[in-house]
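Worth saying up front: this structure is predicted, and the values here are computed from it rather than measured.
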Amino acid sequence: MTKVSPAAHRAVRRIALMSLTAASSHAPEMPDAPAGSQELPRTFHVRTLGCQMNVHDSERLAGQLVERGYRPVTDVPDAAARATDAGDAGADVVIINTCSVRENAANRLFGNLGQLAAVKRERPGMQIAVGGCLAQQMRAGIVEKAPWVDVVLGTHNLDALPALLERARHNQRAEVEIEESLKVFPSTLPTRRESAYAAWVSISVGCNNTCTFCIVPHLRGKERDRRPGDVLAEVEAVVAQGAIEVTLLGQNVNSYGVGFGDRGAFAKLLRSCGSIEGLERVRFTSPHPAAFTDDVIDAMAETSNVMPTLHMPLQSGSDTVLRAMRRSYRSRKFLGILDRVRDAMPEAAITTDIIVGFPGETEEDFQQTLEVVEASRFSSAFTFQYSPRPGTPAADLPQVPADVVSERYQRLVALQQRITLEENEKQVGRTVEVLVAAGAGRKDADTHRISGRAADNRLVHVALPEGLTEDDRPRPGDMVTTVITHGAPSHLVADSATDAAGTYALRRTRAGDAWAVKEGLLDPHALGAPGAGSILSAPSGPPAGGPVTLGMPALPPR
């Protein structure tokens with residue numbers, strides 16, 4: 001059982017005593033109000049904690065609710081106006097999709113649930129659901145500590161959410177349903193994608209590795225691969241809706257195909273993505289160094305729409321620690337992979353994950369990590385202080401003192417920040433094409449810039465020409481060609497447009513059209529065909545941003 005701090009436990013129990021009776025005395029309305037009623041439609045809000053897998057799972061959860069007649073709360077202004085500081089967004093149904101990788105995951109969840117309890121007391125019919133890895137791990141323990149939660153479901157039964165919500169409403173009690181193995185492949189479920197121009201596509205779920213620090217295999221199960229035809233069909237479907245960037249997801253993408261007897265399947269899948277008309281950018285995450293093969297490097301280098309970016313988890317530069325982690329590669333092999341990638345793609349930007357303070361790590365072990373980081377020249381790194389996860393072998397090993405871990409962590413961060421800055425400064429003078437993002441940079445309004453990602457996935461803040469009208473501004477999903485003028489510690493700046501003779505070119509895309517359709521700024525029937533650079537006649541199929549369903553018939557909204 002995951003531990004929760006006594007203070008957090010007392011806080012949520014105190015709120016429960018005040019609010020549970022009032023909150024549970026009201027039955028939630030059905031998803032849609034009766035014909036002629038002035039009541040608002042039933043709304044939902046999904047809060048995602050964790051990795052890209054969780055983000056994609058949240059899209060599946062949202063897609064099912066949309067199919068059942070629920071409305072995203074952002075689409076119902078009167079409901080959204082009820083939003084509080086508790087993170088409820090004003091919705092009737094709040095789903096928290098949890099992560100359990102970090103030690104404070106449980107405290108974070110119960111802190112959020114404690115705030116939501118007070119909101120539920122004041123909002124008749126409100127329901128709270130908890131899903132994801134922490135739900136898979138804690139099960140009914142979530143309801144024991146937060147009895148105002150209505151639904152708990154795990155990673156193996158995402159498809160159960162609508163039924164569990166209705167059952168909890170009908171039975172006036174919490175419904176907890178956890179499956180031990182995958183019953184319905186998530187990719188067969190309807191999806192409400194967050195982005196109109198970029199999409200996640202799962203190629204597998206689960207993991208067959210036995211890393212001693214990782215609880216994911218226990219919570220996500222053994223690896224199960226989708227057939228290549230099903231993956232490509234989904235990619236084609238999201239491209240038909242306007243997406244021009246796809247990220248292929250798997251806990252270990254390099255082992256893709258082992259389940260159906262083709263160890264070269266992942267490289268073949270990348271090459272097949274290269275023939276999909278209208279697909280401009282393909283990325284993937286995450287590979288495993290032990291299974292990363294040269295045929296994948298060749299496929300990346302030879303497939304024009306596979307981007308020169310790679311996330312390659314190092315975890316530690318010490319062979320002793322890697323052995324204790326059960327990471328079946330050593331530092332020499334890791335560095336050899338990076339060399340071969342850069343030989344094939346000199347412009348490749350490589351990122352990584354690193355854990356500091358794994359049980360038994362000595363100062364010598366840590367110094368070896370610093371040496372590998374220095375040699376690797378990562379464009380950025382996700383760095384973590386080791387935290388024991390209950391149920392993993394490493395949790396029972398003697399732990400490195402917290403102050404030692406913290407001091408080492410600060411040294412690693414300082415080293416990587418220096419390297420990132422040096423690598424970013426090398427980008428000055430490069431001409432890049434930036435895919436404009438919907439989320440503006442923190443200072444974009446003040447600096448009159450827009451933000452997006454270059455082909456190598458570096459974040460770029462782009463200046464716009466003076467006097468640009470609103471109609472001439474790039475939209476999220478459009479492409480801007482510009483020149484890097486400054487390298488900062490965590491991003492690049494491209495101010496070439498401010499020079500009268502500088503480089504700036506806007507390319508309108510179908511992805512930009514898809515974003516405009518999703519925002520209600522463009523008629524859905526104006527979305528162009530794949531490969532088109534401007535608005536053309538409408539293709540068949542759902543509007544951009546709507547549910548995508550593959551392999552499972554849809555039920556009509558109720």
| said: Measuring only between side-chain heavy atoms, which start at C-beta, is Leu270 closer than 4.5 Å to Leu248? | reply: yes
| note | Closest non-hydrogen contact found for Pro313 with Pro287 is CD-O, 3.4 Å
| With Arg418 via salt bridge (Lys or Arg N to Asp or Glu O under 4.0 Å) - residues at least two apart | Glu374, Glu422
| query | Who are the ring pair (Phe, Tyr, Trp, His ring centres under 6.0 Å) partners of His491, not counting sequence neighbours? | reply | His461
| field | Donor-acceptor pair, side chain of Tyr256 and main chain of Asp262, under 3.5 angstrom | value | no
| request: Compute whether any side-chain donor of one residue and acceptor of the other, for Glu361 and Ser316, lie under 3.5 angstrom apart. | output: no
| query | Within the side chain of Arg330, is there an N or O that forms a donor-acceptor pair under 3.5 Å with the backbone of Arg327? | reply | yes
| message | Test your reading of the model: is there a side-chain donor-acceptor pair from Ser318 to the backbone of Asp365, 3.5 Å cut-off? | response | no
| query | Between the side chain of Lys268 and the main-chain N/O of Pro228, is any donor-acceptor distance below 3.5 Å? | reply | no
| message | Under a 3.5 Å cutoff, is there a donor and acceptor pairing between the side chains of His311 and Thr351? | response | yes
| Donor-acceptor contact below 3.5 Å, side chain Ser204 vs main chain Asp225 | no
| query | Do Thr247 side-chain atoms and Phe284 backbone N/O form a donor-acceptor pair below 3.5 Å? | reply | no
| request: Using atom types as modelled and distance alone, determine if a side-chain donor or acceptor of Asp353 lies under 3.5 Å from a backbone N or O of Ala381. | output: no
| query | So, does Thr303 use its side chain to make a donor-acceptor pair with the main chain of Met300 at under 3.5 Å? | reply | no
